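The structure under discussion appears below in the form of structure tokens.
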Amino acid sequence: MLGLYLHIPFCSHICNYCNFNRGLFDAGLKARYVAALETEIRRAGDGGAADTIFFGGGTPSLLAPDEIGSVIQSLRDRVALTAGAEITLETNPETVDREKLERFREAGVNRISFGVQSFQDAELKRLGRIHSADRARAAVREARAAGFDNVSLDLMMWLPGQSVDGWLGNVDALVEAGPDHASLYLLELYPNAPLKEDMARAGWSLAPDEEAAEMYLRAMERLERAGLEQYEISNVARPGLASRHNLKYWTDGEWLAFGCGAHSTRGGVRWKNVSATGDYIDRVTAGLSLVTERRELSASERLEDALFTGLRLVAGLDLEAIDRQYGTDVWKRFGPALAPFLTEKWLILEGSRLRLTRDGMLMANEIMAVFV
Ligand code: SF4
């Protein structure tokens, strides 16, 4: 089964830490972009069958529900979408109200992923976000009232000036909001992020590494106590509600991606669309190729990807399945380099399953470096 990803590169405001492919919202540009997106979908070859659709961005909830519905219909015309397919819309809390959420639901969306990031107004302001904590809480209630039974919240951890207690306050507020799924991301500061300048000016610093580790471990404990089970390094969910779309990225799956800068992976080939929104629209309109990079993955790259992504999952890697698929005995090849991590109790080998412990998740980069 394929996953389908749609990139929507518009935001009503640019956050000061954001390095995604996005730009400021412009109604005319948005209308032309949606038309181009539908043309790209129509031109795609045989679609096969899919069981997930994911609108990511940017801020996809800046599109009108009719536009989302029309894009979903274009996808249905090309691809056999399974009954009960998971259809996610990334949503910023300030862009919706109950009525708009109801209309997204009528358009076919059945999973809402809110970019909340923090439940403290001072932190939200620091990040350049334009919603308040109360708006985020209200948006979750509105989503429930609109009938959504699969709601995810994103929080960012290790923010400038954030203490362990401040962070745990955010985690408690998330639990109180009652989502079905949550993603906890570490703030990553790219070299020229305006937030870096703000931090220098205001004297905000990041908590030391040991405190970041404590934030992570204690958050996971609290979320699990609240019935949100960890299934991936950064993701927790109520039983049965892990993101089916994102699992494709971590389980060697295949996906087709549409829109500017979108990456697809299918049949061992990975390709990327042109990044700039205007360029994308022009090329679609002129009937030109959108692909700027295309690479057939070598057997060793595919194996490396499977190891990197699979180890992110709490369930870990099934070494027998990997041997069957890639003809590689992972333990024979990497065992000597991995053994010290077993001694440290960062890794566990149970039968043919190799998985990270929670402490090991903090050391994931170091451990995965063995596979390179
Ligand atoms: S809303 Fe999201 S995509 Fe848009 S600028 Fe902020 S972080 Fe970036």
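As the structure is a prediction and not an experimental result, all values here were calculated from the model. One is the number of the first residue; the rest follow in order along the sequence. Counting starts at 1 for both ligands and their atoms, following the listed order. Excluded from the calculations below are hydrogen atoms, water molecules and symmetry mates; all remaining heavy atoms, backbone and side chain alike, are included.
- The protein atom (non-hydrogen) at minimum distance from atom 3 (S) of ligand 1 is Gly58 N, 3.3 Å.
- Using a 4.0 Å cut-off between charged side-chain N and carboxylate O, Lys248 and Asp51 make a salt bridge.
- Between the side chain of Arg283 and the backbone N or O of Ser289, at least one donor-acceptor pair lies under 3.5 Å.
- Distance OG/Ser163 to CE/Met215: 6.5 Å, rounded to 0.5 Å.
- Applying the 6.0 Å contact sphere to CD of Glu176 captures no more than 12 heavy atoms from other residues, nucleotides or ligands.
- Counting atoms of ligand 1 from 1 in the listed order, those under 4.0 Å from a heavy atom of Ile14 are 5 (S).
- Close contacts of ligand 1 with Arg129, meaning ligand atoms under 4.0 Å from a residue heavy atom, involve 1 (S), 2 (Fe), 6 (Fe), 7 (S).
- Residue side and main chain included, Cys15 places an N/O/S atom under 2.8 Å of atom 6 (Fe) of ligand 1.
- Using a 4.0 Å cut-off between charged nitrogen and carboxylate oxygen, Asp149 and Arg105 do not count as a salt-bridge pair.
- Atoms of ligand 1 lying under 4.0 Å from at least one heavy atom of Cys11, given by number and element, are 1 (S), 3 (S), 4 (Fe), 5 (S).
- Within a 6.0 Å sphere centred on CZ of Arg294, heavy atoms belonging to other residues, nucleotides or ligands number 12 at most.
- Residue Asn92 has at least one heavy-atom neighbour below 4.0 Å for each of these atoms of ligand 1: 1 (S).
- Within the 4.5 Å cutoff, the side chain of Glu224 has heavy atoms near those of the Arg358 side chain.
- The Phe20 neighbourhood of ligand 1 comprises atoms 3 (S), 8 (Fe), with distances under 4.0 Å to a heavy atom of that residue.
- Remark: ligand 1 atoms within the under-4.0 Å shell around heavy atoms of His13 are 5 (S).
- Of the protein's non-hydrogen atoms, Tyr17 OH, 3.4 Å is the one closest to atom 7 (S) of ligand 1.
- Closest to atom 8 (Fe) of ligand 1, if we only count protein heavy atoms, is Cys18 SG, 2.3 Å.
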